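Step one of this worksheet: look at the structure below.
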Amino acid sequence: MSRSGSGREAVKSIGEFALVRIDDRLIHGQVMAVWIKHLDVEVIVIVDDRVAKDPFMQDVLRMAAPPGITVEVCSVEEAIATLGENALKKDRTMVLVKSPNTARLLFDGGVRFSRLNVGGIGGGPGRRSIFKNISMSEDEKCVLRSLVRDGVRVTLLTVPGERAVDFASMVK
Amino acid sequence: MERRKVGWALLLSLVLLLAGSVFSKAHAAPLSQGDATMSLGAAILVGIMYYASMSPFFANLGFTVLYRPLVAGTLVGLVMGKPMEGMLIGANINVLYLGWISAGGSLPGDPGLAGYLGTALALGGGLGSEAALAVAAPLGLLGGLTWALRMSTCSVFAHWADQRAEKADVEGVARMNYVPSQIWLFIIYGVPVMLAAYLGSQAVASALGWIGQNLGWVMGGLYTASGMLAALGIALNLRFLFRGPLPAYFFVGFMIAALSGGTINLLSLAIVGACVAVLHVTFTSRGEESFSILHASGEKAERYKLLNKNDLRQAWLRWLFFSHSCYNWERMQGVGFAHSMTPVVKKLYKGKEDISAALKRHLVFFNTQPDIGGVVHGITIAMEEERALGADISDDAINSVKTSLMGPMAGIGDTIQQGIVIPIALAIGMSMALQGNVFGPVVFAVLVAAFVWGVGWWVWQQGYLQGRDAVTNILKGGALNRVITVAQVLGNFVMGALTVSFVSLATKIKFTIGGTSFELQKVLDGLMPKMLPLLLVLLIWWLLEKKKVSPTKIMIGIIVVAVLGSFPIGGLSIF
């Protein structure tokens, strides 16, 4: 385990997007009250096949966003089509997914990012806590390891200013 | 990995305690202030109160009220026989935590520790309210260590609750939420603070006595640092308030307070601010919208078939009190959620297997903001009732409603409760305290209680009565955003006024031009009253917002600059 510096450094060089984050609660206090301010985010893209089929949840997520923030919800397939090289306002866009698997699918589909923030994954069957409020199953760890092998820097960090941990140095 | 952190924390506090007691023995110089009044009994009470502020026994007014330095300082003052001094010290410490938000189980600094221990050390060490913040601010940072310990260890009790759920032991699950966790929290929160208050105040008293005799300018520096640290607290809050044209209201609030020489009553100013805020939103909105967040729902589902209003209230009360009782990184409020469902589970399910399944269903990971998030519980209770009536509602359906709504509701709840209600109520209470009004902390507590209890219970009922529609009905039409904008205008106003009353910065620089000597401070006062405090707040806001400098770095920077700037060179210093 090593310290990978403050949240800001960890975030600033995440590829082209302002932030790509795994957080199974999607939009909540940490995202709304802290991250959006910290990164001057204007657009939040939520990539989740299930939410993409749920108009009610889309309404809730859109209405829950603070004034001035646009929330887009799309399926993995739609995300791959729209978040490619030529996506607009990338440096002002936060991509939110619920699980490592979705992040992997996006990456394979050509949505490239050099850094990935893991912000929160709740415990559950097969999942074990690995850092603070972040739990993962062995499979999910494998998926993240494969992203590390593909050159993505995976950082575990709830909010900027808290301690950040580099995933690669954590699970050898 | 957390274990290692905890080990370091324990080691560090041990070293500090030892160093403190050795230092106090070695420098047991008699103090002239005669203020070192920290008896063992008082120290024990301070520890108990700090634990109480983190405990679930005050209907959610622990974390929202008792944990805030304004209240903490007053209580410590009462215990130590100096309530007015305590209240003033508490108010001054609290400025630093005006913009303090703990979201999703993160804890950036510990206002409670700064409030209880900081006030105890300041009073016991004979330190006035003007310099207390410089001592209390670094203490607040230590609180994060206990927090890490608590969040990682309380997971154990969640597993004990799992075992009770397996046996369909409803009361056992409830007990696991608050019995073992609270005994443990008392040990890790109460005991170290008792020791630190008792040993620390002697150490602080002798250290300050020695510094006062040998390095007078350092004391001056601590006074200056305290006045400047207040600017950090206000600037942290401005991060949430400076939006679009709204900063204009900050300057209006500042100018009114500055021109009145700081004598204006903040409560009156807040009323003016509220009126202006409503006008602002009325003139900037496009007509048809209203402020009403009560929308008639289309069709109301039939409720209260198996449950009655008392069941609903019983469940709410359990949540109100015990939502964070067994807070931990593995399940967050999971055990608290299950506990809140116990009256409902008992009423709806009779078979052992059904009871066990229901308990297990609600012991999973859950985390939201307790007041606004209560809508999720309301919806869940309605779903449980329908399920018990035979409707085809799967575990997965209930779980997915909980997990998908808890995040957005937390986002809105944190923005409103921690970002708006508490800071504004605090600002009013703190200003009253500063004018020597003992009702300052009381007014603060009443305002927060009105929100936490009133809104919490209303939202909970809406969730039950309207189901999922409650969420869209509450959010619909942007009424909520207008209410937030009103609060932000008011917040800007109030923060402007607070800058005048709490931030102090003056320079002692003198210079001579053509034989006439000028005092820089007089020149500045001639331009605009309270100019340096205003500039300092804006500078820190700029560092936080544009340069992304961390608050901790700014805090340390302020203390260093203030102390060094007080070092006299040739009889002259900057501050």
Side-chain angles (χ1 to χ4, degrees), chain A residues 1 6-9 11-12 23-40 48 50-51 54-57 59-68 71 96 98 119-125 127-135 157-163 165 170, chain B residues 1-2 4-5 101-108 144 148 151-152 155 158 239-240 243-244 328-332 334 364-369 400 403-415 418-419 468-469 471-472 474-478 480-481 484-485 545 548-553:
Chain A
M1 187 193 79
S6 74
R8 184 173 172 245
E9 296 159 36
V11 164
K12 212 186 166 191
D23 189 330
D24 64 356
R25 292 201 297 151
L26 297 175
I27 295 184
H28 57 97
Q30 290 173 0
V31 173
M32 266 175 73
V34 189
W35 279 108
I36 288 177
K37 294 250 92 194
H38 191 76
L39 299 173
D40 295 324
D48 191 84
R50 202 160 158 172
V51 180
D54 185 344
F56 166 77
M57 270 318 295
D59 279 351
V60 171
L61 289 165
R62 283 203 193 94
M63 289 188 287
V71 175
L96 272 178
K98 277 188 185 173
I121 303 177
R127 277 181 178 162
R128 282 180 54 126
S129 171
I130 61 166
F131 176 67
K132 291 191 178 179
N133 57 331
I134 299 165
S135 303
L157 173 66
T158 50
V159 283
E162 297 264 298
R163 196 161 59 96
V165 168
M170 187 177 190
Chain B
M1 128 215 57
E2 286 306 328
R4 203 166 81 177
K5 192 170 173 182
I101 285 191
S102 164
S106 62
L107 190 87
M151 293 300 283
S152 45
S155 314
R239 281 190 308 173
F240 301 98
R243 189 166 67 73
N328 64 77
W329 268 321
E330 188 190 306
R331 311 276 178 91
M332 305 299 263
V364 295
F365 180 94
F366 184 82
N367 199 34
T368 193
Q369 194 274 335
S400 111
T403 52
S404 54
L405 287 177
M406 63 188 181
M409 292 301 113
I412 296 167
D414 284 337
T415 308
Q418 300 197 70
R468 289 207 319 185
D469 293 345
V471 177
T472 30
I474 291 170
L475 297 176
K476 193 154 63 186
L480 197 65
N481 276 338
I484 290 176
T485 306
E545 184 76 16
K548 311 289 182 195
V549 183
S550 83
T552 309
K553 278 188 194 141

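Below, each value reflects all heavy atoms present in this structure, side chains not excepted, and no hydrogens, waters or symmetry copies. Nothing here was measured: the structure is a model prediction, and the numbers come from that model. Every chain is numbered from 1, with letters handed out A, B, ... down the list of sequences.
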* B/Leu405 vs A/Val60 side-chain heavy atoms within contact, under 4.5 Å -> yes
* **Test log, rule side-chain contact (heavy atoms from CB on, under 4.5 Å), inputs A/Met32 and B/Asp414** => CA-CA 9 Å; A/Met32 266 175 73; B/Asp414 284 337; over 6 Å; no
* Asked: What part of B/Arg468 is in contact with chain A, defined as an atom under 4.5 angstrom from a non-hydrogen atom: side chain, backbone, both or neither?
  -> both
* Measure distances from B/Thr415 to the heavy atoms of chain A and classify the residue's part below 4.5 Å as side chain, backbone, both or neither. => side chain
* To do: Give, for atom CZ of A/Phe131 and atom OG of B/Ser152, the distance between the pair rounded to the nearest 0.5 Å.
  => 11.0 Å
* Close side-chain approach of B/Glu330 to A/Arg128, heavy-atom, < 4.5 Å -> no
* Asked: Atom CG in A/Asp54, atom OG in B/Ser400: separation rounded to 0.5 Å?
  -> 7.5 Å
* Measuring heavy-atom distances to chain A, does B/Gln418 have an atom under 4.5 Å in its side chain, in its backbone, in both, or in neither? -> neither
* Structure fact -> Cut-off 4.5 Å, heavy atoms of chain B, and the answer for A/Arg127 is neither
* Asked: What part of B/Thr485 lies closer than 4.5 angstrom to a heavy atom of chain A: side chain, backbone, both or neither?
  -> neither
* About how many Å separate OG of A/Ser129 and CZ of B/Arg331, when rounded to the nearest 0.5 Å? -> 11.0 Å
* To do: Any chance you could measure A/Thr158, atom OG1, to B/Trp329, atom CH2, to the nearest 0.5 Å?
  => 8.0 Å
* Structure fact -> What one should report as the nearest heavy-atom pair of B/Thr472 and A/Met63 is CG2-CE, 3.4 Å
* Could you tell me which non-hydrogen atom of A/Lys37 sits nearest to which non-hydrogen atom of B/Glu545, and how far apart they are? => NZ-OE2, 4.0 Å
* Asked: Out of A/Gly122, A/Ala65, A/Gly68, which one racks up the most heavy-atom pairs below 4.5 Å with chain B?
  -> A/Gly122
* Asked: At what distance, to the nearest 0.5 angstrom, does NE2 of A/His28 lie from CD1 of B/Ile412?
  -> 13.5 Å
* **Note, B/Phe365 side chain near A/Arg25 side chain (heavy atom, < 4.5 Å)** => yes
* Asked: Could you state the interatomic distance from CE (B/Met406) to CG (A/Asp24), rounded to the nearest 0.5 Å?
  -> 6.0 Å
* **Interface residue of largest heavy-atom contact number with chain A, from B/Ser550, B/Pro408, B/Ser155, under 4.5 Å** => B/Pro408
